[in-house]
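Below: one structure, written as structure tokens.
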Amino acid sequence: MTTRFPGSSRRSGSPRRNGGTWVALIALLLIAGSLIGITSLIMPQILGLVLVVAGFLFFIVLHYFTWGQWLTRYLEENSQEDE
């Protein structure tokens, strides 16, 4: 079993294929933002809920990248020791 790392020579996709993903992501974020904006016209207190959810998401993303960097570095060191 081999492990592929982000810095490996094989690339997972071309920039053209990733372009569609970015367009879809931006469209989804715009739709979600507009729905939250419309809802805030009816319920002004929804801003507090959005801030709490955004705070939770921030910590999840922070831990994901922190542990991902640590684990990638750890796996690279172990694979070099095995060789």
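Positions are given from 1 along the sequence.
- The distance from the CD1 atom of Ile46 to the CD1 atom of Ile38 is 11.5 Å, given to the nearest 0.5 Å.
- Leu28 belongs to no hydrophobic cluster with other residues, because no ILVMFWY side-chain heavy atom falls under 4.5 Å from its own, directly or through intermediates.
- Rounded to the nearest 0.5 Å, atoms CD1 (Ile36) and CG (Leu49) are 8.5 Å apart.
- A donor-acceptor pair is defined here as one N or O able to donate and one able to accept, closer than 3.5 Å; such a pair exists between the side chain of Ser40 and the backbone of Gly37.
- Here the OG1-CD distance, from Thr72 to Glu77, works out to 11.0 Å after rounding to the nearest 0.5 Å.
- When the ring pair (Phe, Tyr, Trp, His ring centres under 6.0 Å) test is applied to Tyr64, no partner is found at least two apart in sequence or on another chain.
- For Leu25, the side-chain contact (heavy atoms from CB on, under 4.5 Å) partners two or more places apart in sequence, or in a different chain, are Trp22, Leu29.
- In the hydrophobic clustering (ILVMFWY side chains linked at under 4.5 Å, chained through shared members), Leu47 is joined by Leu51.
- Cluster partners of Leu35, by chain and number: Ile31. The rule joins Ile, Leu, Val, Met, Phe, Trp and Tyr whenever side-chain heavy atoms lie under 4.5 Å apart.
- Residues satisfying the ring pair (Phe, Tyr, Trp, His ring centres under 6.0 Å) criterion with Trp70, sequence neighbours excluded, are Trp67, Tyr74.
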